[in-house]
There are 2 protein chains.
Amino acid sequence: MKTRYRLSDVARLAEVSTATVSAVINRQVGRNIRVSPETEQRVWDAIARLGYVVNPAARTLASGKNRILGIFTYEPIFPFQNHDYFYPFLLGIEEEAEAQGYNLLLFTHVTDAHGKRSIYNEDTNLLYTADGSVLLGLNEDKEELRRLQEGGYPFVYVGRRDVPDASISFTAADYTGATARLVEMMFDQGHRKVIYVCLPRWIESNQDREDGLFRAYLQRGFPLPAEPVLRIPTEQITPEIVRDLLAQGVTGTVVENDELAQALLSSLNALGLSVPRDFSIALCGNPHHAWDNSPDWTMFTIPRREMGSHAVRFLVERLNNPVDTSPRSIYLPCTIVSGQTIAAPPGLKNL
Amino acid sequence: MKTRYRLSDVARLAEVSTATVSAVINRQVGRNIRVSPETEQRVWDAIARLGYVVNPAARTLASGKNRILGIFTYEPIFPFQNHDYFYPFLLGIEEEAEAQGYNLLLFTHVTDAHGKRSIYNEDTNLLYTADGSVLLGLNEDKEELRRLQEGGYPFVYVGRRDVPDASISFTAADYTGATARLVEMMFDQGHRKVIYVCLPRWIESNQDREDGLFRAYLQRGFPLPAEPVLRIPTEQITPEIVRDLLAQGVTGTVVENDELAQALLSSLNALGLSVPRDFSIALCGNPHHAWDNSPDWTMFTIPRREMGSHAVRFLVERLNNPVDTSPRSIYLPCTIVSGQTIAAPPGLKNL
DNA sequence: CTGAAAGCGCTTACAG
DNA sequence: CTGAAAGCGCTTACAG
């Protein structure tokens with residue numbers, strides 16, 4: 001392996017100072033620094049002759065920047081299961097990074113001593129290799145995010161994240177608006193008791209969808225059901241549960257995910273009922289899986305690609321203007337997909 | 001944004017030298033360097049108290065390594081079209097990188113002045129940011145690869161690459177063996193005239209598949225047809241072409257890709273013939289697209305994941321042992337998929 | 001228009 | 001067992 005040439009080698013060969021070489025390779029000539037065309041040509045010749053290539057680490061150390069954006073995910077980034085989940089985000093991130101002239105660093109080596117993926121590993125912030133980072137994943141560690149924000153490190157979360165005692169930048173899907181829209185579609189069909197069914201865990205997107213439900217009731221002035229939200233694990237959805245809902249007069253639901261929706265569907269079928277004839281269901285987001293017996297869901301899709309590209313845009317804005325550290329956020333519109341799973345409630349059809 | 005603490009700040013607070021702090025955070029204690037347990041504890045306390053995090057750029061500059069592996073692709077890495085193509089490679093690369101404790105740098109910002117993706121941009125080798133790189137893509141620039149190899153930069157190509165005047169490391173699929181296997185399967189059914197149909201372009205994998213065809217003939221001792229390889233653009237495959245093949249006594253083909261195979265199928269159908277009753281076809285690799293009217297191809301699949309992980313393994317071996325710069329290569333076995341597109345040739349069925 | 005020099009924050013012989 | 005210091009290869013005021 002031959003030794004690499006240094007900038008000073010180029011300077012010596014071209015008979016100029018290192019400052020001049022630096023100015024030439026960084027296209028500073030004509031800006032604050034002046035170099036005569038002949039001198040510049042000598043520098044380029046010397047570079048070509050030696051086959052000189054700049055050392056990015058040294059450049060980074062000296063300038064404090066390296067035009068690298070990190071991608072940190074709280075779940076493995078390229079697993080089989082999450083394949084279709086992460087991909088559209090990455091697509092948007094890559095597109096925008098390329099457009100902005102940044103490379104992407106995938107933080108793959110991030111499991112700590114306990115086997116957990118985390119940003120701080122033995123007090124080392126792994127992300128510092130990159131000028132700024134895009135963060136993704138459902139199982140984030142809020143305390144880490146707070147610490148990261150406090151440390152002044154530039155990052156943007158893909159997906160709304162509520163961090164106690166901190167305000168962070170994020171790009172989110174407008175779950176609230178999209179969910180409200182689905183509920184209103186049911187209202188338009190004559191439904192009056194529509195509830196939200198979700199898993200029993202507090203996450204921001206569930207909060208947002210719940211808010212969407214409430215907003216729809218508020219806007220239409222319909223009375224909110226006594227139990228507007230059903231928090232339940234998928235495996236606990238049974239025909240009895242569904243019979244209970246029907247007894248309460250519920251005629252339709254918006255549902256967090258496809259597993260829950262499929263479970264509801266199965267229970268309805270077990271009772272001899274069908275969707276949307278006897279009950280309406282709409283899905284709040286993209287299905288996670290391909291199902292054999294999946295109906296054509298009425299649902300909305302999450303603008304993943306746009307969430308990714310906007311995250312990069314926020315990050316680059318922040319890096320270009322380090323003075324303004326105020327957090328930024330955006331709610332991107334979801335797309336409603338009109339399927340075959342909502343219709344007028346059965347009571348109305350009897351009229 | 002508060003200023004970050006430096007290693008020297010930790011040293012001052014712990015009342016030790018920077019060398020000691022460096023030894024502690026790099027786990028050198030107990031190896032060549034000795035630090036008393038009390039001193040070490042003081043260092044860790046100081047680190048915790050300041051919230052010190054190491055600066056990777058400085059570390060890289062000083063040590064010459066950064067435990068980052070690059071991924072360079074000659075096509076955009078996350079486009080819609082190549083989604084399913086690149087993904088399995090990335091999966092294997094990520095798995096192995098994680099296992100080996102390396103992060104991955106995706107070189108996204110690599111288009112030169114002419115809009116072409118290239119490693120050398122204005123005489124700068126973009127890859128030098130990473131300790132070593134995995135290269136992928138069909139449209140590689142051999143001259144660049146030669147230059148890269150000559151420069152001593154550690155890299156591994158995913159897919160066999162023949163570079164004039166250079167010998168590079170790669171991980172390949174055993175196209176030759178798998179193609180020979182398909183041809184022999186046809187021989188076993190009674191075929192004697194099986195040809196290879198491919199696009200009219202020279203690429204390594206076509207060379208390998210062709211070799212597979214020849215190998216099968218050689219092993220069985222059957223005479224090679226006068227025109228054993230048909231090089232033809234997809235759109236030029238017509239019923240006339242196929243009628244010609246049949247007239248030559250060809251009863252089956254192994255085919256480069258699914259587009260060609262589908263075109264053959266259409267032409268056969270247009271002649272009132274069907275597969276595999278009248279003609280056998282086997283596919284040499286994974287289909288690129290999902291087709292509406294695709295038969296259940298007899299084919300082989302390319303071990304993409306393994307190709308990716310082996311590339312990382314080669315790279316890490318090279319980095320761990322910089323003295324041995326000899327190129328490494330491996331041919332990984334493909335998996336034969338028994339479909340419904342080969343059968344005994346029609347002549348035999350009449351007996 | 002150009003150069004000498006400090007500094008970025010680490011690692012690593014080397015000296016003691 | 002620990003410290004002083006050179007060096008990694010750049011950038012960037014600053015001086016002229």
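Chain A is the first sequence line, chain B the second, and so forth, proteins listed ahead of strands; every chain is numbered from 1.
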Inset, instruction - Assess A/Arg161 against A/Phe170: is NZ or CZ under 6.0 Å from the centre of the six-membered ring, and within 45 degrees of the ring's axis? - result: no
Inset, instruction - Is it possible for you to check whether A/Arg6 lies under 6.0 Å from the centre of the six-membered ring of A/Tyr52, through NZ or CZ, and within 45° of that ring's axis? - result: no
Legend entry - Whole-Å distance separating the OH atom of A/Tyr52 from the P atom of D/dG9: 10 Å
Inset, instruction - Using atom CG of B/Leu7 as one end and atom P of D/dC8 as the other, report the distance to the nearest whole Å. - result: 19 Å
Inset, instruction - Could you check how far CG of B/Asp9 sits from P of C/dG9, rounded to whole Å? - result: 9 Å
Legend entry - Atom pair CZ (B/Arg59) and CG (B/Leu7), whose distance is rounded to the nearest 0.5 Å: 9.5 Å
Legend entry - Gap separating the CG atom of B/Leu105 from the OG atom of B/Ser133, nearest 0.5 angstrom: 7.5 Å
Inset, instruction - Considering just the side-chain nitrogens and oxygens of A/Tyr5, establish if one lies under 4.0 Å of OP1 or OP2 belonging to D/dC10. - result: no
Inset, instruction - Output the distance between atom CG (A/Asp141) and atom CZ (A/Arg147), rounded to the nearest 0.5 Å. - result: 10.0 Å
Inset, instruction - May I ask you to verify if any side-chain N or O of A/Ser36 is less than 4.0 angstrom from the OP1 or OP2 atom of C/dT2? - result: yes
Legend entry - Atom pair distance, as rounded to whole Å: CG in A/Asn55 and C1' in D/dG9: 6 Å
Legend entry - Nucleotide nearest B/Arg59 (side chain, heavy atoms from C-beta), chosen from C/dG3, C/dG9, C/dT11: C/dT11
Legend entry - Gap between atoms CD and P, on B/Glu15 and D/dG3 respectively (whole Å): 10 Å
Inset, instruction - Please tell me which of the listed nucleotides, C/dG3, C/dG9, C/dG7, lies nearest to the side chain of B/Ala62? - result: C/dG9
Legend entry - N/O (side chain, A/Ser8) to phosphate O (OP1/OP2, D/dC10) under 4.0 Å: no
Inset, instruction - Would you mind reading off the distance between A/Arg42 atom CZ and C/dC1 atom P, rounded to a whole angstrom? - result: 14 Å
Inset, instruction - May I ask you to evaluate whether A/Ser22 reaches the phosphate of D/dT12, defined as a side-chain N or O under 4.0 Å from OP1 or OP2? - result: no
Legend entry - Residue whose nearest DNA chain D nucleotide is more 5′ - B/Leu61 or B/Ser17: B/Ser17
Inset, instruction - Identify which nucleotide among C/dT2, C/dG9, C/dT11 has an atom closest to any side-chain atom of B/Ala58, counting heavy atoms from C-beta outward. - result: C/dG9
Inset, instruction - Both distances under 3.5 Å, Watson-Crick or G-U wobble: on that basis, could you give the dot-bracket string for DNA chain D, with [ ] for crossing pairs and | for other-strand partners? - result: |||.||||||||.|||
Inset, instruction - Would you indicate, yes or no, if D/dT11 has its OP1 or OP2 atom less than 4.0 angstrom from a side-chain nitrogen or oxygen of A/Ser63? - result: no
Inset, instruction - Can you sort out the partners of B/Arg117 under salt bridge (charged side-chain N to carboxylate O under 4.0 Å, His left out), two or more places apart, ordered by chain and number? - result: A/Glu98
Inset, instruction - Could you label the plane-to-plane angle of the A/Phe72 and A/Phe107 rings as parallel, tilted or perpendicular, counting under 30° as parallel and over 60° as perpendicular? - result: tilted
Legend entry - A/Ile68 and A/Tyr102: CA distance, side-chain angles, deciding distance, side-chain contact (heavy atoms from CB on, under 4.5 Å) verdict: CA-CA 5 Å; A/Ile68 289 177; A/Tyr102 279 83; 5.8 Å; no
Please produce a list of atom pairs where a protein N or O lies less than 3.5 Å from an N or O of nucleotides 13-16 of chain D.
none

Legend entry - Check: B/Gln41/B/Asp45 side-chain N/O donor and acceptor closer than 3.5 Å: yes
Inset, instruction - Would you mind telling me which of A/Val21, A/Leu13, A/Thr18 makes a side chain to side chain contact (heavy atoms under 4.5 Å, CB included) with A/Ser8? - result: A/Thr18
Legend entry - Protein-nucleotide distance (B/Arg12, atom CZ; D/dA4, atom P), rounded to Å: 13 Å
Legend entry - Rounded interatomic separation in angstrom, taking CZ from A/Arg6 and P from D/dT11: 15 Å
Inset, instruction - Classify the nucleic acid contact of B/Thr18 as base, sugar-phosphate or nothing, counting any heavy atom under 4.0 Å across all strands shown. - result: base
